[in-house]
*Asks:* 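The structure's right below; bear with me while I get my questions together.
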Amino acid sequence: MKIRSSEITPKTTYLSRKEFMKGAAIAGGSAFLAACGVSPQNNGGNNSASGNENAVSFPVKKDEFGTETTPFESITNFNNFYEFNTDKEAVAKDARNFVSSPWQVEVGGLVNNPMILGMGDILKFEQEERIYRLRCVEGWSMVIPWNGFSLSKILNMVEPKSEAKYVRFETLYDPEQMPGQDSKWYEWPYVEGLRIDEAMNDLATIATGLYGEEFKPQSGAPVRLVVPWKYGFKSIKSIVKIELVTEMPTSLWMAAAPREYGFFANVNPDVDHPRWSQGSERRIGELSRIETLKFNGYEEQVAALYDGMDLEANY
Ligand code: MTE
């Protein structure tokens, strides 16, 4: 689906709507619940308010299941971005001065046409609106209207060689800007990977923004990956390198906790995390839990990638 400019609320309308919502929140007390804080420790049970009374700031949209998108304010004030802070509600503030322009993404490795793409080049790909569910391994989820395009478009341009079996992605390494990278708990930079057939699936998205706006730093400015059928940690932010390789890449999370985080990380209610159930999730902004769907609901589009594979052994 293309983004039509008519679908984007003008800033003035948006601001007056915000003022209205603020007043309504004061008048209505708890009617406007904030996005809820969830930490890996409490795994989705906590309902702490984050002061997000301006929750509706963009037009309500729906995904293909008719689910309303998560408000912009919630998506951008509740983030996992360990380079800045492990506290989800502190990331937006700590990342606010992140310099994401100019930016380059190096695409290389086992390809015939290696290239360096500037953001201008990346924005030349036809940008689509893609409303996808994001399911974090911690047990919370959102519905996000991303802007971007299929990763396959970049891969087809660079022409992977036949020896290329996997795609490896890397986030910027810059501890001065990203103080979390001083932490010795993790092997920086953040790395993720996909098998090449997964990377060629149309759902694997290179995202450049959300709700029709370019990314704020906390969401992974200026360009990130979105893999909606996998747990959110596969959706690596602020990418500077895409490399075609023969060996399965070791992601930051595989290196940090191999028993807990595997390479495939397909959303699967039947395979629990060693420390919690994956059978249900809490949609940010909602109170009750909902059932988690296999492949996050994208079974029809991606199940064939895993025909004959033991999904429990290959978590
Ligand atoms: N990418 C980088 N570079 N660093 C991170 O800490 N966190 C991941 C993923 N991408 C992360 C990252 C996790 S655990 C999730 S759930 C999603 O980003 C969260 O994306 P969001 O903050 O836009 O909701």
Side-chain angles (χ1 to χ4, degrees), residues 35-40 43-44 50 69-95 98 100 103 105 130 132-148 168-175 177-181 183 185-194 205-211 213-242 249 251-257 260-262 265 267 273 278 281-285 296:
C36 301
V38 188
S39 68
N43 181 31
S50 64
T69 50
T70 304
F72 181 83
E73 294 293 333
S74 305
I75 299 171
T76 54
N77 284 292
F78 185 82
N79 301 99
N80 268 334
F81 204 165
Y82 275 36
E83 285 86 338
F84 293 102
N85 203 316
T86 54
D87 173 354
K88 298 180 209 318
E89 294 179 50
V91 172
K93 183 174 141 293
D94 287 3
F98 179 61
S100 61
W103 194 269
V105 182
R130 297 179 156 213
Y132 292 148
R133 275 152 300 132
L134 175 84
R135 165 60 156 87
C136 180
V137 73
E138 295 162 350
W140 53 265
S141 61
M142 300 192 191
V143 182
I144 303 182
W146 305 102
N147 311 120
R168 182 183 180 279
F169 304 85
E170 211 175 284
T171 294
L172 176 71
Y173 180 68
D174 183 356
Q177 286 209 79
M178 297 172 145
Q181 291 178 332
S183 155
W185 291 101
Y186 303 102
E187 279 178 32
W188 304 103
Y190 198 101
V191 166
E192 260 308 336
L194 294 173
T205 301
I206 289 290
T208 55
L210 55 88
Y211 272 111
E213 291 209 351
E214 62 184 36
F215 278 132
K216 287 176 178 282
Q218 61 268 34
S219 298
V223 59
R224 72 180 289 177
L225 183 69
V226 174
V227 197
W229 72 97
K230 293 177 180 280
Y231 291 120
F233 66 84
K234 299 293 290 183
S235 295
I236 179 173
K237 297 178 172 182
S238 305
I239 297 171
V240 289
K241 200 168 179 185
I242 301 177
S251 69
L252 173 136
W253 286 109
M254 288 163 74
E260 301 194 2
Y261 306 105
V267 175
H273 184 278
Q278 292 293 22
E281 67 203 57
R282 200 173 58 75
R283 201 45 68 68
I284 294 302
N296 205 18

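Remember, it's 1-based here, ligands and their atoms both numbered in the order they're listed. Note: hydrogens, waters and symmetry copies are ignored here, and every other heavy atom, side chains too, is used. The first residue of the sequence shown is numbered 1, and numbering continues consecutively from there. No experiment lies behind these values; they were computed from the predicted model shown.
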*Asks:* Residue-level breakdown please: for Arg224 versus ligand 1, do any non-hydrogen atoms fall below 4.0 Å on the side chain, on the backbone, on both, or on neither?
*Replies:* side chain
*Asks:* State, to 0.1 Å, how close Ala256 and Tyr186 come at their nearest heavy-atom pair, and which atoms those are.
*Replies:* CB-CD2, 3.9 Å
*Asks:* Any idea which part of Ile144 is under 4.0 Å from ligand 1, heavy-atom wise: side chain, backbone, both or neither?
*Replies:* neither
*Asks:* Once salt bridge (charged side-chain N to carboxylate O under 4.0 Å, His left out) is applied, do any residues pair with Arg224, and if so which ones, sequence neighbours excluded?
*Replies:* none
*Asks:* So Trp229 and Arg135, do their side chains get closer than 4.5 Å, heavy atoms only?
*Replies:* no
*Asks:* Roughly how far, to the nearest 0.5 Å, is CD1 of Ile75 from OG1 of Thr69?
*Replies:* 6.5 Å
*Asks:* For ligand 1, which part of Thr171 has a heavy atom less than 4.0 Å away: the side chain, the backbone, both, or neither?
*Replies:* side chain
*Asks:* Is it the case that ligand 1 has an N or O less than 3.5 angstrom from some N or O of Lys237?
*Replies:* yes
*Asks:* What residue and heavy atom of the protein are closest to atom 7 (N) of ligand 1, and at what distance?
*Replies:* Asn80 O, 3.2 Å
*Asks:* Quick one: do Trp253 and Tyr82 satisfy ring-ring contact (aromatic ring centres under 6.0 Å, His included)? Show the steps, please.
*Replies:* CA-CA 11 Å; Trp253 286 109; Tyr82 275 36; 5.4 Å; yes
*Asks:* Rounded to the nearest 0.5 Å, what separates atom CD in Glu83 from atom CD in Gln181?
*Replies:* 5.0 Å
*Asks:* Using the six-membered ring wherever Trp is involved, compare the ring planes of Phe84 and Phe81 and label them parallel, tilted or perpendicular (cut-offs 30° and 60°).
*Replies:* perpendicular
*Asks:* Residues in salt bridge (charged side-chain N to carboxylate O under 4.0 Å, His left out) with Arg133, at least two apart?
*Replies:* Asp63, Glu64
*Asks:* Where does Tyr190 meet ligand 1, judged by heavy-atom distances below 4.0 Å: at the side chain, the backbone, both, or neither?
*Replies:* side chain
*Asks:* Closer than 4.0 Å to some heavy atom of Ser235 - which atoms of ligand 1 meet that?
*Replies:* 9 (C), 10 (N), 18 (O)
*Asks:* Starting from atom 24 (O) of ligand 1, find the nearest protein heavy-atom neighbour and note its residue, name and distance.
*Replies:* Leu134 CD2, 3.5 Å
*Asks:* Would you indicate which of Gly232, Ser238, Gly220 comes nearest to atom 17 (C) of ligand 1 when only heavy atoms are counted?
*Replies:* Gly232
*Asks:* How far is atom 6 (O) of ligand 1 from its nearest protein heavy atom, and which residue and atom name does that atom have?
*Replies:* Tyr82 N, 2.8 Å
*Asks:* Specify the closest pair of heavy atoms between Phe72 and Tyr211, including all atoms of both residues, with the distance to one decimal.
*Replies:* N-CE1, 3.6 Å
*Asks:* Just jot down the ligand 1 atoms closer than 4.0 angstrom to any heavy atom of Cys136, in number order.
*Replies:* 16 (S)
*Asks:* Any nitrogen or oxygen of Asn79, side chain or backbone, less than 3.5 Å from one on ligand 1?
*Replies:* yes
*Asks:* Can you sort out which atoms of ligand 1 are near Glu83, meaning under 4.0 Å from one of its heavy atoms?
*Replies:* 2 (C), 3 (N), 4 (N), 5 (C), 6 (O)
